[in-house]
Trainee: 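Shown below is the structure under consideration.
We name chains A, B, ... by the order of the sequence lines, and we start the count at 1 in each one.
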2 protein chains.
Amino acid sequence: MKQNVNKPTLQDVARKAGVSTATVSRCLNFPDQVAGRTQEKVNNAVRELGYSPDFGAKAMAARRTNTIGAIIPTMANALFARGLQAFQEELQLHGFTTLVASTSYSSETEEQQIRSLVARGADGLLLIGHDRDPEIYRFLETQGVPVLISWVYDTTATRPSVGFDNAAAMKEMANEVISLGHRQIALISAELEFNDRATARLHGIQDAMSDAGLDASNLQVVETHYGIDEGAVAFDELMNTAKPPTAVLCGNDVLAVGALRRARELDIKVPEQVSIIGFDDLDLARATFPALTTVLVPHREMGKQAAIALASKVKDDAPIQSYELKTKLVFRDTLGPVF
Amino acid sequence: MKQNVNKPTLQDVARKAGVSTATVSRCLNFPDQVAGRTQEKVNNAVRELGYSPDFGAKAMAARRTNTIGAIIPTMANALFARGLQAFQEELQLHGFTTLVASTSYSSETEEQQIRSLVARGADGLLLIGHDRDPEIYRFLETQGVPVLISWVYDTTATRPSVGFDNAAAMKEMANEVISLGHRQIALISAELEFNDRATARLHGIQDAMSDAGLDASNLQVVETHYGIDEGAVAFDELMNTAKPPTAVLCGNDVLAVGALRRARELDIKVPEQVSIIGFDDLDLARATFPALTTVLVPHREMGKQAAIALASKVKDDAPIQSYELKTKLVFRDTLGPVF
DNA sequence: TTGACTAATGTAAGCGCTTACATATACATG
DNA sequence: CATGTATATGTAAGCGCTTACATTAGTCAA
């Protein structure tokens, strides 16, 4: 397993250009400190050798990486993918590279990924949600790596966050559902453990029910994985209970789309016989038939604001400002009054 | 609020445990070479200090990173996301970490990302499609970084690849379309430049038309970006031409879903008035109404096979075996005979 | 007990860069 | 011209690790 090609080093470039390694380094990092003629020689040597600086060595010598890590549950969710895209674009403007890792919603994997990104020298970290082992927060502290929590905005949390109030958003939607006369309400949720977003959304509905004088324990909850098929299966389950719901709220649009599909397969009319509500407002929500009523989450803006906050923390060591984004109810065609 | 926290180093651990740095290193990497009592001391020190090895330093000293890079057009496309997930899972089994970067379909960005991953020490690289500047291939060669091309399988290409025959897959579908009597055929394609997959799919249709004695230049082609809305706009455009198509093939399911949505908005019946065909067979394809006729691409298997090929290349320097995956036509409800 | 091994640990030389500091060169000034 | 200043380059000391090699401790047969 020999790699008999030897990557050219700074040394090689220096030798070829007939200058010192220091000059080459400067030429690459601070070109205006180097004479024009020298720059030319160096650049030629770089090109001819196909030289590429070794990131590890550079990071070690310079003692910074200009890298920010982001750890999300899954790339498969367009929501995260989109938010991250904006995060990345904004960071690039500030001169940072983004390293992305995903956890498949496993807290164990998340811990590994955190350690791995820290080992790789991330100057800062973006994490989704507050809920995780305190041990890991301690580790991050001893490593001196600043962390920003996103996707949630929780004034009661000790850590700064850029996100939205999951409970309030879902509560607002639940209020609408209740005011349309629905009493048999169900929730198809992502798994709740180590997922404070999902938990908050659940609480939002329970809150709305209590406020309306309903018994919150009547809320039927199905926990499932992320996926269209999973949403379909959960919907099935719900419809086969003794008292099938007249309104099914979903933790995200993908689950809702699954539910919608199964409703069609079962020949259950939406919204005449059952209302189905999503969360996120992906493009997807407008592509279904009937178009999905859902809660708009400004992912891109969230990613951007998170990037701004984290960049200023890392660069200027400014304390991170928490930032709350507003969600919005989007009424389309899957929510109707109880018939 | 200075970052006066100094990350603990191997040195610190060694001092605390009362052993040499070599012993600590061995204890961490080859525990069985170290006495039990010593291991304990070291592990305790590691834990107490919250030590985490510096990846850059490690890579430099060990002269390998066990890291493989993957560069895809976009995370936003579930297709890539899913294939990559499998790629990553398989590589993990072989002891590799995966670094992912995306290009937003820009060849310039791709070049940057390639350089960045190489600089980060990637032992191997996964790239999508063959089409790129020869310069970049030369660079990769001088760096001694093995490359695997995926998402395409092209026997005529000089580089090994793990993927499927885009042209043949699309041709097979086009044959069906033609045999159903369609003569006015259109394609909503991703942008063709630097995208040999999209180009091959186009050629596949043209081929089928020629074979059937049709004039391939009659194929209407709209190039657009990736996205549901984009698909909708393209469909609109197509329907407003002098001779609107009776069958619209799409370069991917997402564009097809957009087309389908717009058809509904325009009150054009699918498949009675126009057939719409996707490509990829995402979950999405079964969620629409009517369910999408499309071409199944085995993304997960593709990711897995790519991982296996790349891992064995990097570990044992075995020459990469090209591997062809089979696609399959999936007939659902959006393709029908010409009315 | 001793000698011959083996197992466990230590010593120290880099890996490829950056950067403080030293030195050299060029040019303007009195 | 000597001198001072600014500009360009070189020298060399690490950054935090791994690992070949040297050293020491431990084990066992005779």
Side-chain angles (χ1 to χ4, degrees), chain A residues 3 5-43 45-46 49-67 116 118-123 143-144, chain B residues 3 5-43 45-46 49-67 116 118-123 143-144:
Chain A
Q3 198 112 319
V5 196
N6 273 327
K7 310 200 185 201
T9 72
L10 237 215
Q11 274 286 357
D12 300 329
V13 176
R15 191 162 23 240
K16 179 138 200 160
V19 299
S20 75
T21 59
T23 299
V24 176
S25 174
R26 277 187 290 253
C27 184
L28 264 26
N29 297 302
F30 315 96
D32 37 298
Q33 285 180 21
V34 173
R37 248 188 59 67
T38 312
Q39 280 189 43
E40 237 169 78
K41 284 191 295 182
V42 171
N43 290 335
V46 166
L49 292 168
Y51 169 76
S52 164
D54 180 299
F55 182 84
K58 184 169 184 153
M60 181 159 54
R63 315 177 66 78
R64 61 186 145 62
T65 60
N66 288 324
T67 295
S116 159
V118 167
R120 283 196 136 87
D123 294 332
Q143 293 287 328
Chain B
Q3 198 109 321
V5 197
N6 273 328
K7 311 200 186 202
T9 72
L10 237 214
Q11 274 286 358
D12 301 329
V13 176
R15 193 164 21 244
K16 179 139 201 160
V19 297
S20 74
T21 59
T23 299
V24 175
S25 173
R26 275 187 290 255
C27 185
L28 263 27
N29 299 301
F30 315 97
D32 37 298
Q33 286 180 19
V34 172
R37 247 188 58 69
T38 313
Q39 280 189 41
E40 238 170 78
K41 285 192 296 183
V42 172
N43 290 336
V46 166
L49 292 168
Y51 168 76
S52 163
D54 180 299
F55 182 85
K58 184 168 183 155
M60 182 160 52
R63 318 179 64 78
R64 63 188 141 62
T65 60
N66 289 325
T67 294
S116 158
V118 168
R120 285 195 133 88
D123 294 332
Q143 293 287 329

Trainee: What nucleic acid atoms does B/Ser25 come within less than 4.0 Å of, heavy atoms only: base, sugar-phosphate, or nothing?
Mentor: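 Here B/Ser25 touches the bases of the nucleic acid.
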Trainee: Quick check for you: to the nearest 0.5 Å, what is the distance between A/Asp123 atom CG and A/Arg63 atom CZ?
Mentor: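 The distance works out to 12.5 Å.
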Trainee: Please report the closest heavy-atom contact between B/Val34 and B/Thr23, naming both atoms and the distance.
Mentor: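 Nearest heavy atoms, B/Val34 then B/Thr23: CG2-O, 4.2 Å.
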Trainee: At a heavy-atom distance below 4.0 Å, which nucleotide of DNA chain C is the first touched by chain B, and which is the last?
Mentor: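 First-to-last contact on DNA chain C, by the 4.0 Å heavy-atom rule, is C/dA8 to C/dG16.
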Trainee: Measure the angle between the two terminal helix axes of the helix from C/dT1-D/dA30 to C/dG30-D/dC1, five base pairs each, and quote it to 10°.
Mentor: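 About 40° separates the two local helix axes.
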Trainee: Could you state the interatomic distance from OG1 (B/Thr9) to CG (B/Leu49), rounded to the nearest 0.5 Å?
Mentor: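 Reported to 0.5 Å precision, the distance equals 9.0 Å.
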Trainee: Which of residues 50-64 of chain A sit near DNA chain C, with a heavy atom under 4.0 Å from it?
Mentor: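 Nucleic-acid contacts, sorted: A/Tyr51, A/Ser52, A/Pro53, A/Asp54, A/Ala57, A/Lys58, A/Met60, A/Ala61, A/Ala62, A/Arg64.
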Trainee: Taking all non-hydrogen atoms of both residues, which atom of B/Gln143 and which atom of A/Gly50 are closest, and how far apart?
Mentor: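 The pair with the smallest heavy-atom distance is NE2-O, 2.6 Å.
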Trainee: Taking all atoms of both residues into account, what is the closest heavy-atom pair of A/Lys16 and A/Ala45, and its distance?
Mentor: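 Shortest heavy-atom separation between A/Lys16 and A/Ala45 comes out as CG-CB, 3.8 Å.
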Trainee: Excluding sequence neighbours, so at least two apart, what forms side chain to side chain contact (heavy atoms under 4.5 Å, CB included) with A/Pro53?
Mentor: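 In terms of side chain to side chain contact (heavy atoms under 4.5 Å, CB included), with neighbours along the sequence ignored, A/Pro53 is linked to A/Tyr51.
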Trainee: Identify, with sequence neighbours excluded, every residue that meets side chain to side chain contact (heavy atoms under 4.5 Å, CB included) alongside B/Gln33.
Mentor: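 With sequence neighbours excluded, B/Gln33 shows a side chain to side chain contact (heavy atoms under 4.5 Å, CB included) to B/Arg26, B/Phe30, given in chain and number order.
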Trainee: Just the table, please: protein N/O against nucleotides 4-8 of chain D N/O, every pair under 3.5 Å.
Mentor:
none

Trainee: Would you sort out whether B/Leu28 and B/Val13 count as a side-chain contact (heavy atoms from CB on, under 4.5 Å), showing the intermediate values?
Mentor: CA-CA 11 Å; B/Leu28 263 27; B/Val13 176; over 6 Å; no
Trainee: Working to the nearest 0.5 Å, report the span between OG of A/Ser20 and CZ of A/Arg15.
Mentor: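 The OG atom of A/Ser20 sits 12.5 Å away from the CZ atom of A/Arg15.
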Trainee: Can you give me the closest heavy-atom contact between B/Met60 and A/Ala57, atom names plus distance?
Mentor: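 Distance-wise, the nearest heavy atoms are SD-CB, 3.5 Å.
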Trainee: How many whole angstroms separate atom CZ of B/Arg26 from atom P of D/dC21?
Mentor: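 Between P of D/dC21 and CZ of B/Arg26: 14 Å.
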Trainee: Taking all atoms of both residues into account, what is the closest heavy-atom pair of B/Val24 and B/Val42, and its distance?
Mentor: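 Heavy atoms of B/Val24 and B/Val42 come nearest at CG1-CG1, 4.1 Å.
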Trainee: Pick one: which of B/Thr67, B/Asp54, B/Thr65 meets side-chain hydrogen bond (donor to acceptor under 3.5 Å, both in side chains) with A/Arg120?
Mentor: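 By the side-chain hydrogen bond (donor to acceptor under 3.5 Å, both in side chains) criterion, A/Arg120 pairs with just one of B/Thr67, B/Asp54, B/Thr65: B/Thr67.
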Trainee: Specify the closest pair of heavy atoms between B/Asp12 and B/Lys7, including all atoms of both residues, with the distance to one decimal.
Mentor: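 That would be OD2-O, 4.2 Å.
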